[in-house]
Amino acid sequence: VQLQASGGGLVQVGGSLRLSCTTSGRPFSSYHMGWFRQAPGKEREFVAAISLLGGRSRYADSVKGRFTISRDNAKNTLYLQMNSLKPEDTAVYSCAAYRPPSPVAIIPITPLDYNYWGQGTLVTVSS
């Protein structure tokens with residue numbers, strides 16, 4: 001499956017952005033999907049993930065209550081709504097896909113568990 005993230009940009013503290021991740025190739029609904037980010041000089045970290053049918057999600061503590069992950073399987077698209085943005089949210093955001101052994105399998109939060117990655121999109125939050 002091919003992934004492409006978009007929607008990044010420059011935003012002020014407290015602002016909002018919505019990232020999108022479009023996919024092609026194998027059926028989008030076969031994959032748990034995740035968002036990860038990497039700030040300059042730091043390791044890639046988990047942000048949010050969602051189950052293949054969208055019924056379950058997981059969030060990093062640092063974004064709970066501010067970010068919302070969602071998906072539209074009919075449009076083969078993953079979203080990340082980011083509100084109340086902070087300077088520490090500045091990073092390159094990437095989407096990733098994980099093919100679970102069953103629909104009820106746990107949603108992973110470790111980057112190494114994900115099989116496919118898209119190019120990232122840069123989010124810069126200015127203070």
Side-chain angles (χ1 to χ4, degrees):
V1 62
Q2 291 78 46
L3 310 173
Q4 180 64 56
S6 63
L10 176 64
V11 63
Q12 292 186 334
V13 169
S16 299
L17 279 176
R18 188 176 82 156
L19 305 184
S20 299
C21 174
T22 55
T23 70
S24 61
R26 295 183 178 181
F28 179 61
S29 59
S30 299
Y31 296 88
H32 290 343
M33 298 295 296
W35 285 101
F36 293 80
R37 66 187 182 186
Q38 187 166 19
K42 295 187 177 181
E43 293 187 354
R44 180 178 283 170
E45 66 173 358
F46 168 74
V47 176
I50 190 168
S51 60
L52 53 83
L53 296 181
R56 295 177 288 133
S57 59
R58 301 181 70 178
Y59 293 91
D61 289 343
S62 59
V63 307
K64 279 181 182 177
R66 300 188 299 121
F67 290 11
T68 302
I69 189 171
S70 62
R71 65 191 296 163
D72 186 336
N73 285 354
K75 296 182 178 179
N76 295 335
T77 304
L78 173 74
Y79 302 100
L80 183 68
Q81 177 67 42
M82 305 187 296
N83 299 328
S84 302
L85 283 161
K86 304 175 181 180
E88 51 264 44
D89 294 319
T90 295
V92 173
Y93 285 72
S94 301
C95 53
Y98 165 74
R99 185 81 180 262
S102 77
V104 297
I106 190 171
I107 306 169
I109 63 172
T110 304
L112 288 176
D113 288 325
Y114 284 76
N115 310 108
Y116 303 97
W117 291 83
Q119 288 187 329
T121 184
L122 176 63
V123 172
T124 303
V125 184
S126 65
S127 57

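- A continuous path of Ile, Leu, Val, Met, Phe, Trp and Tyr side chains, each step under 4.5 Å between heavy atoms, connects Y98 with I109, placing both in one hydrophobic cluster.
- Other members of a hydrophobic cluster containing L10 are absent, since no ILVMFWY side chain comes under 4.5 Å of it, directly or through relayed contacts.
- Linking Ile, Leu, Val, Met, Phe, Trp and Tyr whenever their side-chain heavy atoms come within less than 4.5 Å leaves W35 and I107 in two separate clusters.
- Distance check: M33 CE to L3 CG gives 5.0 Å after rounding to the nearest 0.5 Å.
- Partners of P40 according to the side-chain contact (heavy atoms from CB on, under 4.5 Å) rule, which considers only residues two or more places apart in sequence or in another chain, do not exist here.
- Residue pairs satisfying the salt bridge (Lys or Arg N to Asp or Glu O under 4.0 Å) criterion with at least one member in residues 19-33, sequence neighbours excluded, are absent.
- For S24, the side chain to side chain donor-acceptor pair (under 3.5 Å) partners are Q2, not counting sequence neighbours.
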For residues 63-77, please give each side-chain donor-acceptor pair under 3.5 Å, one per line with the distance, not counting sequence neighbours.
from : atom 1 : to  : atom 2 : distance (Å)
K64  : NZ     : D61 : OD1    : 3.3
R66  : NH1    : S84 : O      : 3.0
R66  : NH1    : D89 : OD2    : 2.7
R66  : NH2    : S62 : O      : 2.8
R66  : NH2    : D89 : OD1    : 3.0
R66  : NH2    : D89 : OD2    : 3.4
R71  : NE     : L52 : O      : 3.4
R71  : NE     : N73 : OD1    : 2.8
R71  : NH1    : Y31 : O      : 2.8
R71  : NH1    : S51 : O      : 2.8
R71  : NH2    : F28 : O      : 2.9
R71  : NH2    : Y31 : O      : 3.1
R71  : NH2    : N73 : OD1    : 3.4
D72  : OD1    : A74 : N      : 3.0
D72  : OD1    : K75 : N      : 3.3
N73  : ND2    : L52 : O      : 3.0
T77  : OG1    : K75 : O      : 2.8

Please list every donor-acceptor pair under 3.5 Å in which a side-chain atom of residues 113-126 meets a protein atom from a residue at least two apart or in another chain.
from : atom 1 : to   : atom 2 : distance (Å)
Y114 : OH     : P108 : O      : 2.7
N115 : OD1    : R99  : N      : 3.0
T121 : OG1    : G8   : N      : 3.0

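- Under the 4.5 angstrom side-chain criterion for Ile, Leu, Val, Met, Phe, Trp and Tyr, Y79 has no cluster partners at all.
- For Y59, the ring-ring contact (aromatic ring centres under 6.0 Å, His included) criterion is met by no residue, not counting sequence neighbours.
- Aromatic ring orientation, F36 versus F46: perpendicular (interplanar angle above 60°, classes split at 30° and 60°).
- Annotation for E43: atom CD does not count as buried by contact number, only 12 or fewer foreign heavy atoms lying within 6.0 Å.
- Partners of Q38 by side chain to side chain donor-acceptor pair (under 3.5 Å), not counting sequence neighbours: none found.
- Note on residues 21-127: pairs passing disulfide (SG to SG under 2.5 Å), not counting sequence neighbours, are C21-C95.
- Listed by first and then second residue, the side-chain hydrogen bond (donor to acceptor under 3.5 Å, both in side chains) pairs that reach into residues 5-17 are S16-N83, sequence neighbours excluded.
- In the hydrophobic clustering of ILVMFWY residues, with side-chain heavy atoms under 4.5 Å counting as a link, I50 and L53 come out apart.
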